[in-house]
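Side chains included, hydrogens not; waters and symmetry mates left out as well; all remaining heavy atoms used. Per chain, numbering begins at 1; letters A, B, ... match sequence-line order. Just so we're clear, the structure is a prediction, and the values are computed from it rather than from any experiment.
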Amino acid sequence: MPQQEQRSNDPLADQKKEQVVMTTTASDEDRELDMHAFWHSSSHVLAHAVKQLWPETKLAIGPAIENGFYYDFDREGGFSSEDLELIEETMKKIVKANYKIERFTLPRDEAIEFVKSQDEPYKLEMLLDLPEDEEISFYRQGDFTDLCAGPHVRYTKQIKAFKLLSVSGAYWHGDEKNKMLTRIYGTSFPTKKELENYLQMLEEAKARDHRKLGRELELFMMSDVGPGFPFLLPKGKILKDLLVDYWKEIHYEAGYVLIETPIILSRKLWEESGHWEHYQENMYTVKIDEEDYAVKPMNCPGAMLVYKSKPHSYRDLPLRMGELGLVHRHELSGTLHGMMRVRAFTQDDAHLYMTPDQLPGEIKGIFHLIDSVYRKFGFDYDVELSTRPDNAMGDIEDWNYAESVLKEVLDELGTPYQVNEGDGAFYGPKIDFHINDAIGRSWQCGTIQLDFQMPQRFDLEYIGSDGEKHRPIVLHRVAYGALERFMAILIEHYAGKFPLWLSPEQIRVLSISSKNEAYAQEVVEQLKASGLRTELDIRDEKIGYKIREAQLAKVPYMLIVGDEESTNNSVSVRSRDDGSLGSMPFSEFLVKAVEENSSDF
RNA sequence: GCCGAAGUGGCUCAGCGGUAGAGCAAUUCACUCGUAAUGAAUAGGUCGUGAGUUCGAUUCUCACCUUCGGCUCCA
């Protein structure tokens, strides 16, 4: 999302785009249209309609976004759903009237006078922020004119199919200190067919929503008595443990040791770490024997204490110390979102202590570890570098050095990345990994954070080869990010159809009738003995019904056993994804299943 | 936290000033069955919580809680 907004704030990029559009839209071939310009024009039609209906409404900003557009308005009382219908009707008329969309420019002074005459305070503010030496461009359609860098389509009639999707609040300039405006979201396409396809895709996205599947597949639940605190159901717990098993395996392989630190620790520790000062609004606190304690929002301070529990030599370094730590953060209530954004979650954390010359190598090692994890699940991801924020602790020189090292390593790795100025943690700059999910959203998961503050605050040291005390460098990182979020992304990524190794229930054995019960039980026992998570369905139901239920539960393999199978020790195999695979000897299936299960892991 | 919307049995939803209804799921019984729903019966709800208006509130009003869509924030 931020990318799109940046695009519309970047007049230079938009100018370049405009030239493209002016040539390509010369023909009436709609598929030649630049969708960015198309959605941007749609937002103008929206604003045009709103101004026609309620002239007193003030216009803020209305850019194209991924798959659509929005426009922010300042109107007393906002808009109701009836208002939305009315707006859509009016938009249809504007489209039908087929206004020509014309660009014109004014010298700065005249532009200011013009916007003032229109009585649009937000537009005036934006105009005053534009570079002084440029002419100001406007777009006009009928009696509607908007300050805008463009580009746009040429006629309103080109916007053949559109739909307003939702109304929400949005702060002016995205700053919560500013006034809350009303934002109307919509989408549009050159043809009705494309709009229908898009709306259908939205419906399909709903079908793989992890909150819906989480309930249907009995993976997790939420309760009013613990907003943002997820409950894992038996199957969800299996999923989490499988992720943990895999995680432990690759971390031991990569030379990590694992620790576990307490969840509740004294205020004194959080004061020492700086969290009491910088992070208090997110921390849960408790009083124990008249003393203040806090539930940990991060694992770092505990890990620092573990490091300090004994003296270290340079020969111990790098020391890679992992911790699957349960942290609690009091996130704003409005930000909670299923298991994607919760208030209690397990970080697959690790702190790496090293000498300065080991830093680049360790960053690369972590990078490759994270990359291998994401690749295992077939995830696409973006890398971002976040630099010093306003509330940063520590010396600027340290920050500059840390940022330059991160940049150097990223450049050396040849990975494309985006820089987010001022988005770092208060204790250090970081490299973030964003996974692109099934519905085109992106979620922050992995992160590598350089921490120059903790070692100082906790006075960490090691004895160098020179016999002198030195301060180690500390890297703080997660790969999954949070197990809960990662699970949610996995659920949506696979639409609940987990690969065999990740499926909580791998095989379900279905008996045709009660006569086959004993044989079915025998099959289940052997499968279980071979480490396959198997369940038995011997209810007095028709086989079609039992298959339907197993299919809806998204169990990878169904074994149907009747008289025929009982007599010759075979199973009729049905795959969740490929349907019936026919009969085979049970021993053959067992070997195949065990092999598939272990090869994926 | 802010803007907007919504909360009715386990799930999906109907009802809407006269103390609740369906389908699925559950339970019981019958059927002993061959690749996505066998039939019948039974049970299950102080309609999110608390106030107010009213002869009477699930229905109207207000507050709070939770959820959903966004903003902001973030793993």
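An OP1 or OP2 oxygen of B:rC3 is reached within less than 4.0 angstrom by no side-chain nitrogen or oxygen of A:T182. A:K515 has a side-chain polar atom (N or O) that falls below the 4.0 Å cut-off from OP1 or OP2 of B:rC33. At least one side-chain nitrogen or oxygen of A:H337 sits closer than 4.0 Å to the OP1 or OP2 atom of B:rG69. Look at A:R215 and you'll find a side-chain N or O under 4.0 angstrom from OP1 or OP2 of B:rU12. For B:rG69, one of the phosphate oxygens OP1 or OP2 lies less than 4.0 angstrom from a side-chain nitrogen or oxygen of A:R211. Between A:Q444 and B:rA75, a side-chain N or O to OP1/OP2 separation shorter than 4.0 Å is present. Between B:rC2 and A:R183, no contact under 4.0 Å exists linking OP1 or OP2 to a side-chain N or O.
Heavy atoms of A:E541 sit under 4.0 angstrom from at least one base atom. In this structure, A:D432 reaches neither bases nor backbone, as no heavy-atom distance under 4.0 Å exists between it and the strands shown. Backbone-only engagement by A:K430 is indicated by non-hydrogen atom pairs under 4.0 Å involving sugar-phosphate atoms exclusively. Nucleic acid contact for A:E218: none, since no nucleic acid atom lies under 4.0 Å from a heavy atom of the residue. Contact annotation for A:E564: base contact, defined as any heavy-atom pair under 4.0 Å involving a base atom. A:V327 comes within contact range of no nucleotide atom at all, as no heavy-atom separation falls under 4.0 Å. Within 4.0 Å (heavy atoms only), A:L332 reaches at least one base atom of the nucleic acid. In this structure, A:S166 reaches the sugar-phosphate backbone alone: every heavy-atom distance under 4.0 Å involves primed, P, OP1 or OP2 atoms, never a base. As judged by a 4.0 angstrom heavy-atom cut-off over every strand, A:R343 is placed among residues making no nucleic acid contact. Base engagement by A:G562 is indicated by at least one non-hydrogen atom pair under 4.0 Å involving a base atom.
Listed candidates were B:rA75, B:rA36, B:rC2. Nearest to the side chain of A:Y171 is B:rC2. In this structure, of B:rU32, B:rG70, B:rG34, it is B:rG70 that holds the atom nearest to the side chain of A:M180. Here B:rG1 is the nucleotide among B:rG1, B:rA36, B:rU66 with the atom lying nearest to any side-chain atom of A:S333. Considering only the side chain of A:I512, B:rC33 comes nearest among B:rU67, B:rA37, B:rC33. When the nucleotides B:rG1, B:rU32, B:rA25 are ranked by their closest atom to the side chain of A:Y545, B:rA25 comes out on top. For A:R341, taking side-chain heavy atoms from C-beta onward, the closest of the listed nucleotides B:rC74, B:rA26, B:rG69 is B:rC74. For A:R485, the listed nucleotide lying nearest its side chain is B:rC74; candidates were B:rC71, B:rC74, B:rU72. Here the nucleotide nearest the side chain of A:Q551, chosen from B:rC2, B:rG34, B:rA36, is B:rA36.
Comparing the C1' positions of B:rG10 and B:rG45 gives an interatomic distance of 12 Å, to the nearest angstrom. Of the C1' atoms belonging to B:rA30 and B:rG48, the separation is 41 Å, rounded to the nearest Å. Atom name P, nucleotides B:rG4 and B:rC62: the rounded distance is 13 Å, in whole Å.
Judged by the 6.0 Å distance and 45° axis criteria, A:K554 is not positioned over the aromatic ring of A:F498.
For the pair A:Y480 and A:R576, both in contact range of RNA chain B, the more 5′-proximal nearest nucleotide belongs to A:R576. Ranked by how close their nearest RNA chain B nucleotide is to the 5' end, A:G338 and A:F433 are led by A:G338.
A stacked arrangement is not assigned to A:Y185 and the six-membered base ring of B:rG70, the conditions of a centre distance below 5.5 Å and an interplanar angle below 30° not being jointly met.
Within the shown strands, B:rU28 is the pairing partner of B:rA40 under the Watson-Crick or G-U definition, both distances less than 3.5 Å. For B:rA22, the paired base is B:rU12 (Watson-Crick or G-U wobble, both distances below 3.5 Å). Pairing for B:rU58 is absent, with no Watson-Crick or G-U wobble pair whose two atom distances lie under 3.5 Å. In a base pair of the Watson-Crick type (N1 to N3 plus N6-O4 or O6-N4) or a G-U wobble (N1-O2 and O6-N3), with each distance short of 3.5 Å, B:rU49 is matched with B:rA63. Across all strands shown, B:rC71 forms a Watson-Crick or G-U wobble pair, both distances under 3.5 Å, with B:rG1.
Ion pair A:E403/A:R388 not flagged as a salt bridge, since none of the NZ, NE, NH1 or NH2 atoms sits closer than 4.0 Å to an Asp/Glu carboxylate oxygen. A:K592 has a carboxylate O that lies under 4.0 Å from a charged side-chain N of A:E588, or vice versa, which qualifies the two as a salt bridge.
The aromatic rings of A:Y256 and A:H251 sit perpendicular, their planes meeting at an angle over 60°, well past the 30° parallel limit. Taking the six-membered ring for Trp and thresholds of 30 and 60 degrees, A:F589 and A:F586 have nearly parallel ring planes, at less than 30 degrees apart.
Few gaps surround NZ on A:K235; more than 12 heavy atoms of other groups in view lie less than 6.0 Å from it. Heavy atoms from other residues, nucleotides or ligands lying under 6.0 Å from NZ of A:K58 number more than 12.
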Legend entry - Pair A:F220-A:H210, side chain to side chain contact (heavy atoms under 4.5 Å, CB included): steps then yes or no: CA-CA 10 Å; A:F220 67 91; A:H210 76 281; 3.7 Å; yes

